[in-house]
Amino acid sequence: MDTTVKVTTIHIIFGLIAALISTGLTVGWFGFKNEIFAGFVALIILYFVGQFCQKIAGEEISGFSQWLWDGISPFFFTWVISYTLFVMYL
């Protein structure tokens, strides 16, 4: 499998996981409600997923532009869309 496909897939999967955790923090599943903390949790997850993918990809993906389009954008759009749908319907 191509490295770009692996990195993008991993970011999309963790974007969904981050959306569920952020929804839990927004709705109050964990005993408190905090929308700001929910956003920070998504950023923290994005950072660690990026570090994990850097170890997998090594030098095959380099430069901020490639990381932006292969990792950050899919994560962000998946998180925003899923978070919005989860908050509206859960």
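As the structure is a prediction and not an experimental result, all values here were calculated from the model.
Summarising the geometry, atom CZ belonging to Phe40 is positioned 7.0 Å from atom CD1 belonging to Ile36; distances are rounded to the nearest 0.5 Å. Here the straight-line distance linking atom CZ of Phe48 with atom SG of Cys53 works out to 13.5 Å at 0.5 Å rounding. Separating the CG atom in Asp70 from the OG1 atom in Thr4 is a distance of 4.5 Å, to the nearest 0.5 Å. Distance check, rounded to the nearest 0.5 Å: CD of Glu59 to OG1 of Thr3 gives 12.0 Å. Atom-to-atom distance recorded for Tyr83:OH and Leu20:CG is 12.0 Å, nearest 0.5 angstrom. Note: Ile21 CD1 to Leu16 CG = 11.5 Å, rounded to the nearest 0.5 Å.
Hydrophobic clustering of Ile, Leu, Val, Met, Phe, Trp and Tyr side chains at less than 4.5 Å, counting indirect connections, unites Phe52 with Leu68. Clustering ILVMFWY residues whenever any of their side-chain heavy atoms sit less than 4.5 angstrom apart, transitively, puts Trp69 in the very cluster that holds Ile13. Cluster annotation: Val41 is connected to Val49 through the hydrophobic network of ILVMFWY side chains, with a link wherever side-chain heavy atoms come within less than 4.5 Å. Residues Val87 and Val80 fall within the same hydrophobic cluster, defined by Ile, Leu, Val, Met, Phe, Trp and Tyr side chains chained together at heavy-atom separations under 4.5 Å. Cluster membership for Ile10 and Ile17, using ILVMFWY side-chain heavy atoms within less than 4.5 angstrom, is shared.
In this pair, Phe75 and His11 present their aromatic rings perpendicular. The plane angle is above 60°, beyond the 30 to 60° band. Under the 30°/60° scheme for interplanar angles, the aromatic rings of Phe76 and Trp79 are found to be tilted.
In terms of heavy atoms, Leu90 sits closest to Trp29 at CD1-CH2, 3.7 Å.
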Output, in order, the C-alpha distance, side-chain angles, deciding distance and verdict of side-chain contact (heavy atoms from CB on, under 4.5 Å) for Phe86 and Ser22. CA-CA 9 Å; Phe86 291 156; Ser22 296; over 6 Å; no
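Side-chain contact between Val7 and Ile56 is absent, with no heavy atoms from C-beta onward closer than 4.5 Å.
Checking Thr26 against Glu35 by side-chain atom types alone, no donor-acceptor pair falls below 3.5 Å.
Formation of a donor-acceptor pair under 3.5 Å by the Gln54 side chain with backbone atoms of Gly58 is found in this model. Using modelled atom types, no side-chain atom of Thr78 and backbone atom of Gly15 make a donor-acceptor pair closer than 3.5 Å.
Around the CZ atom of Phe30, the shell of radius 6.0 Å holds more than 12 heavy atoms that belong to other residues, nucleotides or ligands.
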